[in-house]
Each structure stands twice: as C-alpha cells, then as structure tokens.
Amino acid sequence: MKRLLLLALVTPLLGGCIWNRAKVNDAEVAARAAAIVPGKTHAEELPKLMGTVPSSVIPLKDGRTVYAFSYGDAKTEGFTLLLFTLSKTNSAFSAVYVFTDMKGVVRHVEASPAPETAWETWPFGE
Amino acid sequence: MGDVAFWGVNAVRIWVLALVVALCGGCTFSRVRTNPEVADLETAWIVPGTTTYREVVGRLGMPPPVGQADSAPAFVSAETLHWLSTDTRIFELKVGYIVSPIFRRSRTVAADDVLIRFDDAGVVRQVSRTRRRGDETTVLDFREARP
C-alpha cells in the first residue's frame with residue numbers, strides 16, 4: 001500500500017516528450033490559385049475557386065484590392081523532465097495574394113514561398 | 001500522525017512534500033521562431049530608382065504573414081512590401097494546476113526585417129534591412145532613390 005502511494009505521488013512527476021503541430025487554414029489554396037485566370041476571373045468568384053473566403057482584404061489606391069488567402073504550419077517539439085519543460089516551436093506562414101482592379105477583375109496573382117518548418121527541441125543558442 | 005512513518009520518513013513530511021508537489025506546476029523554457037528564412041533574404045542587388053516591383057517579387061516572392069495568418073495586411077500595402085522574422089524566448093513558472101501560469105516572461109530576442117517601398121510607377125523608392133539580436137540592432141542595408 002505504501003509503495004502504491006509513493007508510486008502514485010512519483011508518477012505524475014515523470015513527464016515525457018511533446019510533439020504538437022498546428023496548421024493554420026488550408027494549404028491547398030496555393031494549388032487552387034492555378035484556376036484563377038487574370039483578366040477574366042472576378043473577385044466574387046474567388047471564394048468558390050479557392051474553397052474559402054480570403055483571410056484578409058487589403059484596399060489599395062484607385063479602388064484596387066488585394067485578397068489574401070493565408071495559411072501556415074507550426075511544429076513544436078520538446079520534453080518534460082520532472083518539473084522542468086523544454087520546447088521549441090518553428091512556425092512559418094505563407095499567403096496567396098490576388099490583385100484585382102477597380103472593377104473587381106483579377107489582374108495578377110502572387111504567392112509567398114510555401115512554409116517550411118523543422119522539428120527541433122533545444123530552445124537555447126542561436 | 002507524527003509517529004507514522006514511510007520507510008523511516010515522518011508522515012507529516014511526506015504530506016508536506018505531496019502538498020508542495022501538488023502546488024508546483026514546474027517551469028518551462030520555450031522558444032518560438034517564425035519565418036526564419038527572412039534572415040537570408042538578399043537585398044544588395046536592388047537599385048532604388050531602377051528596380052521594379054515585378055523584379056522584387058520575382059526574386060524574393062511575396063512577404064509571408066507573421067504570427068498568425070490573419071496579420072497579412074501589415075505586410076502588403078499599396079506602396080510597401082514588408083518581411084519580418086521573429087525569435088521569441090518564453091519562460092513560465094507555474095504554481096498550481098488551477099491558476100497557472102502565475103509568472104510568464106516572453107521576450108523577442110531576435111528579429112530580421114526587410115522593408116521595400118515603391119513609388120506610384122512601381123519602382124523601388126527605398127530599401128531597408130535590419131537585424132536585431134538581443135538589444136543590438138544592426139542596419140544591414142538602407143538606401144533611397146535620389147530625385
């Protein structure tokens with residue numbers, strides 16, 4: 001009984017490893033952007049083509065608008081030892097930017113590089 | 001109760017130890033890096049007054065959002081493209097499992113920043129690139145088009 005009690009006290013102190021991954025929005029928007037035809041596609045068609053509404057709408061000069069479809073990936077790795085936890089999170093984000101003219105017709109589409117993240121544990125150093 | 005012992009240790013001490021353990025959630029050292037590739041962006045090839053928006057985007061791509069994907073508006077506007085990378089260290093001391101953490105310190109210890117401004121014709125007007133490590137900020141590149 002005493003040993004069980006001690007075991008019950010000690011066991012919660014022992015930690016373990018941590019892996020956590022968080023994906024923000026749908027990365028498929030990068031591939032779906034290929035369906036946009038500059039000069040023909042209208043802003044109102046974007047939600048259907050991209051499979052989602054834009055995460056941001058950025059007004060520019062002269063009535064032009066940028067529709068941003070953002071997505072990202074965050075990876076956390078770490079470990080817990082007794083009452084001590086170390087972890088590191090690497091996150092990266094990307095977006096597809098759709099530029100429209102004052103009539104709402106797509107003029108061009110740009111994208112930031114696809115996010116690349118690595119699993120890393122040690123939080124100290126460079 | 002004081003007469004009861006577990007392997008020679010006073011039972012009161014055992015209960016005090018158990019209470020301390022229950023109250024102490026431990027400490028955490030963590031680090032969050034966002035868009036680290038921004039540190040490697042090269043801007044020396046950009047010539048203010050000559051290089052165009054198309055050339056910049058073709059070589060560097062568009063800026064990624066930072067922190068959360070919804071923060072994109074801060075990094076693309078009518079006149080600017082803004083890249084930002086951050087490195088944040090976080091220390092947490094947790095006391096208790098119900099209200100925790102009771103103490104948290106978060107500090108962005110490093111940041112890399114590239115800002116490019118364009119004129120109405122889409123030509124680069126200004127290039128700025130800075131690097132911060134701890135309390136020291138280094139201007140790696142700062143050039144403007146001369147009228």
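A, B, ... follow the sequence lines: proteins, then strands. Residue 1 opens every chain.
- A continuous path of ILVMFWY side-chain contacts below 4.5 Å connects A/Val57 to A/Val29, so both sit in one hydrophobic cluster.
- Using a 4.5 Å cut-off between non-hydrogen atoms, no part of residues 30-49 of chain A approaches chain B.
- One hydrophobic cluster, built from ILVMFWY side chains closer than 4.5 Å, cannot hold both B/Ile90 and B/Leu93; they sit in different ones.
- In the hydrophobic clustering of ILVMFWY residues, with side-chain heavy atoms under 4.5 Å counting as a link, B/Trp45 and B/Leu41 come out together.
- Contacts with chain B were tallied for A/Pro113, A/Ala92, A/Ser87; A/Ser87 has the most, counting heavy-atom pairs under 4.5 Å.
- Residue-level contacts of residues 108-124 of chain B with chain A, in order of numbering, are B/Asp120; threshold 4.5 Å between heavy atoms.
- Every residue two or more places apart in sequence or in another chain that forms a ring pair (Phe, Tyr, Trp, His ring centres under 6.0 Å) with A/Phe84 is listed here: B/Phe29.
- No side-chain donor-acceptor contact under 3.5 Å links A/Tyr97 to the backbone of B/Val76.
- We find the CG-OG distance between A/Leu60 and B/Ser77 to be 7.5 Å, quoted to the nearest 0.5 Å.
- By the 6.0 Å contact criterion, CZ on B/Arg13 is open, its count of non-hydrogen atoms from other residues, nucleotides or ligands being 12 or less.
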Side-chain donor-acceptor pairs under 3.5 Å in residues 115-123 of chain A, sequence neighbours left out?
{"from": "A/Glu120", "atom 1": "OE1", "to": "A/Lys88", "atom 2": "NZ", "distance (Å)": "2.9"}
{"from": "A/Glu120", "atom 1": "OE1", "to": "A/Asn90", "atom 2": "ND2", "distance (Å)": "2.8"}
{"from": "A/Thr121", "atom 1": "OG1", "to": "A/Glu77", "atom 2": "OE1", "distance (Å)": "2.5"}

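- Taking each heavy atom of B/Arg31 and A/Phe124 in turn, the nearest pair found is NH1-O, 3.6 Å.
- Heavy atoms only, all atoms of each residue included: A/Gly125 and B/Arg89 are closest at O-NH2, 2.8 Å.
- The two atoms that bring A/Ser91 and B/Val32 nearest to each other are OG-CG1, 4.5 Å, heavy atoms only.
- Atom-to-atom distance recorded for B/Leu81:CG and A/Ser112:OG is 11.0 Å, nearest 0.5 angstrom.
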